[in-house]
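Below is one structure, written out as structure tokens; the observations come after it.
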Amino acid sequence: MAQESLESWIDEGDELPETCLSFELRGEWGHFRRVEGNIVKQTYRIIPRTTVAGVVAAMLGLNRDSYYEAFGRDVSAVAVEPINELRTINMPMNTLSTAKEHMTTMPSRGHARISMPDPSELRQQHNYEVLVEPAYRIDLQLANDTLRGRLQDRLREGTSYYPPSLGLSEHLAEVTYLGEFEVTPHERETTDVDSAVLEAVDSVELTPETEVNVERSPAFMAADEGGRTTTAFQSIAYATGAEPLRVQDVETHEVDGRRVMFS
């Protein structure tokens with residue numbers, strides 16, 4: 001099956017449905033590289049919204065840089081709940097460059113060719129901060145009926161066009177479909193939030209028992225002449241032990257008996 005373009009699927013009149021698809025992503029390792037440059041390649045603890053879109057696009061076999069509109073602010077909503085404790089280790093890795101000028105294509109002619117790094121080149125060692133046994137519950141609303149239907153089929157069948165991963169391709173992800181659930185909005189109130197807390201960092205009630213961390217990660221992207229660019233970031237608060245956080249005066253949604261925040 002060939003990769004597909006989303007152009008024929010997009011309907012500008014699509015609105016968010018009153019249900020979401022819920023699934024779990026988990027693996028032995030994960031690495032969602034932070035955009036800040038550093039000698040140690042640090043990772044976000046919460047899988048970024050843009051990475052969730054990339055995982056779904058990989059499962060459906062969508063063309064690179066073709067799906068960003070389908071995951072835009074008005075036509076999609078994503079809530080992420082960490083399931084396991086969020087902990088990391090530093091892992092040195094010997095790597096080969098995958099820059100185009102360092103790749104070798106075999107065989108040199110024909111349609112069935114593959115490109116790979118030249119194994120005779122010297123390796124470079126990099127230190128990666130890696131998530132240990134990361135696991136997340138994803139609640140996803142998509143306005144595009146075709147996209148949503150095909151994703152639901154993939155989740156039910158347990159199939160994927162490309163192997164889903166948690167950041168790096170070698171960190172393979174296990175995907176478990178949890179079902180389709182109604183999304184019930186709640187007006188502003190003080191409540192326990194099960195998902196990561198979005199754009200309400202100052203409203204989190206702090207307690208001595210719960211360690212709370214904050215990070216700012218990519219949320220939306222757009223295609224451009226160079227491939228893609230990040231158009232918006234979002235601030236995220238979370239408990240490192242993956243427990244709910246008490247948050248003051250926030251709008252939430254109820255999904256499957258849980259309180260979550262969508263972005």
Side-chain angles (χ1 to χ4, degrees), residues 20-34 40-56 58-59 77-93 127-140 151 154-155 158 160 163-179 181 191-198 200-201 204-219 234-247 252-263:
C20 69
L21 302 180
S22 297
F23 56 96
E24 284 186 5
L25 292 173
R26 63 174 63 240
E28 293 187 10
W29 309 101
H31 177 80
F32 312 115
R33 185 178 177 181
R34 299 178 67 97
V40 176
K41 300 181 186 303
Q42 296 178 308
T43 181
Y44 297 109
R45 268 56 171 176
I46 302 296
I47 182 172
R49 191 187 196 282
T50 50
T51 305
V52 173
V55 171
V56 172
M59 293 174 63
V78 179
V80 177
E81 176 186 346
I83 299 173
N84 286 349
E85 177 186 4
L86 296 161
R87 62 188 182 95
T88 63
I89 63 171
N90 285 343
M91 182 183 294
M93 297 186 193
N127 287 319
Y128 284 79
E129 184 185 49
V130 179
L131 288 156
V132 181
E133 297 182 339
Y136 308 94
R137 173 168 175 161
I138 309 296
D139 300 306
L140 173 62
L151 175 61
R154 287 285 191 186
L155 291 169
S160 178
S165 65
L166 295 170
L168 299 178
S169 59
E170 56 265 45
H171 298 330
L172 296 177
E174 177 183 344
V175 183
T176 303
Y177 181 47
L178 302 177
F181 300 95
T191 185
D192 292 333
V193 177
D194 294 280
S195 70
V197 175
L198 307 173
V201 172
V204 176
E205 291 186 2
L206 301 179
T207 66
E209 297 80 19
T210 304
E211 180 180 345
V212 179
N213 282 346
V214 175
E215 61 190 22
R216 189 164 178 80
S217 63
Q234 62 185 2
S235 296
I236 299 173
Y238 60 92
T240 55
E243 59 265 46
L245 290 177
R246 188 78 173 170
V247 190
T252 60
H253 289 79
E254 185 171 336
V255 175
D256 190 24
R258 305 150 44 246
R259 289 297 185 91
V260 302
M261 297 182 72
F262 283 100
S263 66

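The structure presented is a predicted model; accordingly, all values stated were derived computationally and were not measured.
Listed by chain and residue number, nothing satisfies the side chain to side chain contact (heavy atoms under 4.5 Å, CB included) test with Pro208 (two or more places apart in sequence, or in another chain). With sequence neighbours left out, the side chain to side chain contact (heavy atoms under 4.5 Å, CB included) criterion links Glu28 to no other residue. Considering only residues two or more places apart in sequence or on other chains, Asp192 meets the side chain to side chain donor-acceptor pair (under 3.5 Å) condition with Arg246. In terms of the salt bridge (charged side-chain N to carboxylate O under 4.0 Å, His left out) criterion, residue partners of Arg258 (sequence neighbours excluded) are, by chain and number, Glu81, Asp139. Looking at residues two or more places apart in sequence or on another chain, you find no ring-ring contact (aromatic ring centres under 6.0 Å, His included) involving Phe23. Taking the side chain to side chain donor-acceptor pair (under 3.5 Å) definition, one finds that Thr252 meets it with Arg259, sequence neighbours left out. For the ring-ring contact (aromatic ring centres under 6.0 Å, His included) test, no residue two or more places apart in sequence or in another chain qualifies with Phe32. Contacts of Glu24 classified as salt bridge (charged side-chain N to carboxylate O under 4.0 Å, His left out), with partners at least two apart in sequence or in another chain: Arg26. Taking Glu85 as the reference, Arg87 meet the side chain to side chain contact (heavy atoms under 4.5 Å, CB included) condition, with sequence neighbours excluded.
Counting heavy atoms from C-beta outward, Leu178 and Asp256 have side chains that stay 4.5 Å or more apart. Between Tyr128 and Asn90, every side-chain heavy-atom pair lies at or beyond the 4.5 Å cut-off. Between Thr191 and Glu254, the closest side-chain pair of non-hydrogen atoms is not below 4.5 Å.
Within the structure, salt bridge (Lys or Arg N to Asp or Glu O under 4.0 Å) pairs that include any residue of residues 204-213 do not occur (at least two apart or interchain).
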Side-chain donor/acceptor pairs under 3.5 Å, residues 45-55, sequence neighbours excluded:
from  : atom 1 : to     : atom 2 : distance (Å)
Arg45 : NH1    : Thr43  : O      : 3.1
Arg45 : NH1    : Glu129 : OE1    : 3.0
Arg45 : NH1    : Glu129 : OE2    : 3.2
Arg45 : NH2    : Thr88  : OG1    : 3.4
Arg45 : NH2    : Glu129 : OE2    : 3.1
Arg49 : NE     : Ser263 : O      : 3.1
Arg49 : NE     : Ser263 : OG     : 3.4
Arg49 : NH1    : Phe71  : O      : 3.0
Arg49 : NH2    : Ser76  : O      : 3.3
Arg49 : NH2    : Ser76  : OG     : 2.9
Arg49 : NH2    : Ser263 : O      : 2.9

Atom pairs and distances, donor-acceptor, side-chain atoms in residues 163-177, under 3.5 Å, two or more places apart:
from   : atom 1 : to     : atom 2 : distance (Å)
Ser165 : OG     : Leu168 : O      : 3.4
Tyr177 : OH     : Gln152 : NE2    : 2.9
Tyr177 : OH     : Glu180 : N      : 3.4

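In plain terms, the two heavy atoms of Tyr44 and Pro218 that are nearest each other are OH-CD, 3.5 Å. Between Ser22 and Phe181, the closest heavy-atom pair is OG-CD1, 3.4 Å.
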Trace of the side chain to side chain contact (heavy atoms under 4.5 Å, CB included) decision for Asp194 with Arg137 | CA-CA 10 Å; Asp194 294 280; Arg137 173 168 175 161; over 6 Å; no
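Screening Leu86, Val197, Val80 against Tyr238 for a side chain to side chain contact (heavy atoms under 4.5 Å, CB included) leaves a single residue, Leu86.
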